[in-house]
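Working notes, structure below.
Below, read A as the first sequence line, B as the second, and so on, with proteins coming before strands; counting in each chain starts at 1.
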Number of protein chains: 2
Amino acid sequence: MNLRKATEIGKCLSNETRVQIMEWLKKPEINFPPHETLKHFNDGVCVTYIQEKAGLSQSTISTYLTNMEKCGLLISTRHGKWSYLKRNEKTIKEYINFII
Amino acid sequence: MNLRKATEIGKCLSNETRVQIMEWLKKPEINFPPHETLKHFNDGVCVTYIQEKAGLSQSTISTYLTNMEKCGLLISTRHGKWSYLKRNEKTIKEYINFII
DNA sequence: TTCATATATCGAGATTTATAGATATATTTG
DNA sequence: CAAATATATCTATAAATCTCGATATATGAA
């Protein structure tokens with residue numbers, strides 16, 4: 001972690017919806033319905049569910065999630081036509097160790 | 001800590017200079033000269049020293065520091081005509097516990 | 001291959017933030 | 001009180017971000 005990376009993470013965490021997404025993804029099974037195809041939450045939650053819960057447009061949420069993955073806050077995994085997102089606890093810890 | 005407060009803190013941490021200030025204030029005695037009047041760093045570092053080190057205008061840094069205090073990242077203490085800033089470790093920990 | 005669905009990217013207007021200079025306020029000193 | 005210094009606030013312009021609709025791409029199904 002360095003100053004630039006930490007600032008990129010800070011930018012992602014400077015918007016209420018994005019912080020909310022990080023909170024939701026702490027407990028996917030509580031905050032989201034089980035996916036019709038995938039029967040587990042091992043790789044997180046698909047973009048559509050996050051988008052519907054957040055109530056913003058598909059393009060906006062897609063951009064959010066892409067940036068959150070680029071800065072390391074999230075991990076994205078594709079299964080067929082779905083992308084699943086989960087928290088990247090490793091980077092989150094590195095960020096916290098940088099800030100504290 | 002709640003979603004709104006965490007987002008306010010995130011906004012403060014979304015700018016490289018402000019993150020840098022948080023880092024500098026981890027070790028004031030290493031990053032700043034001792035103050036001519038006050039002989040200790042118990043209350044942190046005065047605005048002028050931070051402003052000079054950051055290299056931005058006085059008004060910009062004053063606004064930064066005011067906002068960082070408002071969201072709880074910093075504690076401000078006045079001694080005569082100087083304002084001293086130090087990290088508010090309590091809020092920082094609350095923020096980290098919210099994020100992690 | 002064609003269609004339907006999921007996600008990503010592009011382009012643009014609205015909103016917010018960055019940053020500075022000017023000015024105001026507070027405090028100490030002469 | 002007047003001058004000097006430190007900090008805060010106001011105002012304005014430039015830059016960045018927000019957010020959407022439109023469009024493109026990717027994948028599975030028919």
Side-chain angles (χ1 to χ4, degrees), chain A residues 3-4 7-22 25 28 32-38 43-71 73-86, chain B residues 3-4 7-22 25 32-39 43-71 73-86:
Chain A
L3 192 60
R4 187 164 308 138
T7 305
E8 287 308 306
I9 290 175
K11 283 180 205 278
C12 280
L13 298 178
S14 71
N15 170 289
E16 201 159 310
T17 300
R18 291 190 297 259
V19 178
Q20 177 73 83
I21 291 170
M22 292 300 292
L25 291 179
F32 298 95
H35 194 268
E36 49 179 314
T37 302
L38 223 56
D43 292 319
V45 179
C46 76
V47 176
T48 303
Y49 286 1
I50 297 173
Q51 187 249 307
E52 285 170 353
K53 183 146 179 146
L56 294 178
S57 76
Q58 183 269 322
S59 65
T60 297
I61 295 297
S62 176
T63 303
Y64 281 5
L65 297 175
T66 298
N67 289 335
M68 291 164 84
E69 193 210 352
K70 274 183 187 157
C71 79
L73 280 175
L74 298 180
I75 293 170
S76 173
T77 310
R78 243 203 198 251
H79 288 278
K81 54 182 174 176
W82 294 280
S83 278
Y84 294 82
L85 280 305
K86 67 176 174 184
Chain B
L3 191 62
R4 187 165 307 137
T7 306
E8 286 309 307
I9 289 174
K11 283 180 204 278
C12 278
L13 298 178
S14 71
N15 170 289
E16 201 160 310
T17 300
R18 290 190 297 257
V19 177
Q20 177 73 84
I21 291 170
M22 292 301 291
L25 290 179
F32 298 95
H35 195 269
E36 47 178 316
T37 303
L38 222 56
K39 297 303 183 194
D43 293 317
V45 180
C46 75
V47 176
T48 302
Y49 286 2
I50 296 173
Q51 186 249 308
E52 285 171 352
K53 186 149 177 143
L56 295 177
S57 75
Q58 184 267 324
S59 66
T60 296
I61 296 297
S62 177
T63 304
Y64 281 5
L65 297 175
T66 298
N67 290 334
M68 292 164 85
E69 194 211 351
K70 274 183 187 156
C71 80
L73 279 174
L74 297 180
I75 294 171
S76 174
T77 311
R78 242 204 197 251
H79 288 277
K81 54 182 173 176
W82 294 281
S83 279
Y84 294 81
L85 281 306
K86 67 176 175 184

Q) Going through the checks in order, is the side chain to side chain contact (heavy atoms under 4.5 Å, CB included) test met by B:T7 and A:L13? A) CA-CA 6 Å; B:T7 306; A:L13 298 178; over 6 Å; no
Q) Could you state the CD-P distance from B:E16 to C:dA18, rounded to the nearest angstrom? A) 13 Å
Q | Separation of D:dA8 C1' from B:M68 CE (nearest whole Å) | A | 17 Å
Q: Classify the nucleic acid contact of B:Y64 as base, sugar-phosphate or nothing, counting any heavy atom under 4.0 Å across all strands shown.
A: sugar-phosphate
Q) Roughly, in whole Å, what's the span from CD in B:Q51 to P in D:dT9? A) 16 Å
Q.
Tell me which one of A:I75, A:T77, A:L85 satisfies side-chain contact (heavy atoms from CB on, under 4.5 Å) with A:D43.
A. A:T77
Q: With heavy atoms under 4.0 Å as the rule, sort A:S62 into base, sugar-phosphate or nothing.
A: base
Q.
What is the distance, to the nearest angstrom, from the CG atom on A:L13 to the C1' atom on D:dC18?
A. 17 Å
Q: With rounding to the nearest 0.5 Å, note down the distance linking CD in B:Q20 to CD1 in B:I50.
A: 11.5 Å
Q: Could you say whether A:T63 or B:K70 is positioned toward the 5' end of DNA chain D, judged by the nucleotide with the nearest heavy atom to each?
A: B:K70
Q) Which is true for B:L65 with a 4.0 Å heavy-atom rule: it touches a base, it touches only sugar-phosphate, or it touches nothing? A) nothing
Q: Kindly give the heavy-atom pair with the smallest separation between A:Y49 and A:P34, and that separation in Å.
A: OH-O, 3.8 Å
Q. Are OP1 or OP2 of C:dT7 and a side-chain N or O of A:K81 less than 4.0 angstrom apart?
A. no
Q. Are A:T17 and A:T60 close enough that some pair of their side-chain heavy atoms sits under 4.5 Å apart?
A. no
Q) With a 3.5 Å cut-off and just heavy-atom distances, do the side chain of B:S59 and the base of C:dA20 make a donor-acceptor pair? A) yes
Q. DNA chain D: A:T60 or A:G80, which has the more 5' nearest nucleotide?
A. A:T60
Q) Would you say A:R18 reaches D:dC18's phosphate, i.e. side-chain N/O to OP1/OP2 under 4.0 Å? A) yes
**Q.** Polar pair under 3.5 Å, donor/acceptor by atom type, side chain B:Q58, base C:dA20
**A.** no
(Q) What contact category does B:S83 fall into here, base, sugar-phosphate, or nothing, at under 4.0 angstrom with non-hydrogen atoms? (A) sugar-phosphate
**Q.** Length of the line joining B:W82:CH2 and D:dA6:P, which is rounded to integer Å
**A.** 7 Å
Q) What integer distance in Å separates B:L56:CG from D:dA14:P? A) 19 Å
**Q.** Interatomic distance where CG belongs to A:N15 and P belongs to C:dT17 [whole Å]
**A.** 10 Å
Q. Could you give the CD1-to-P distance, from B:I50 to D:dA6, as a whole number of Å?
A. 14 Å
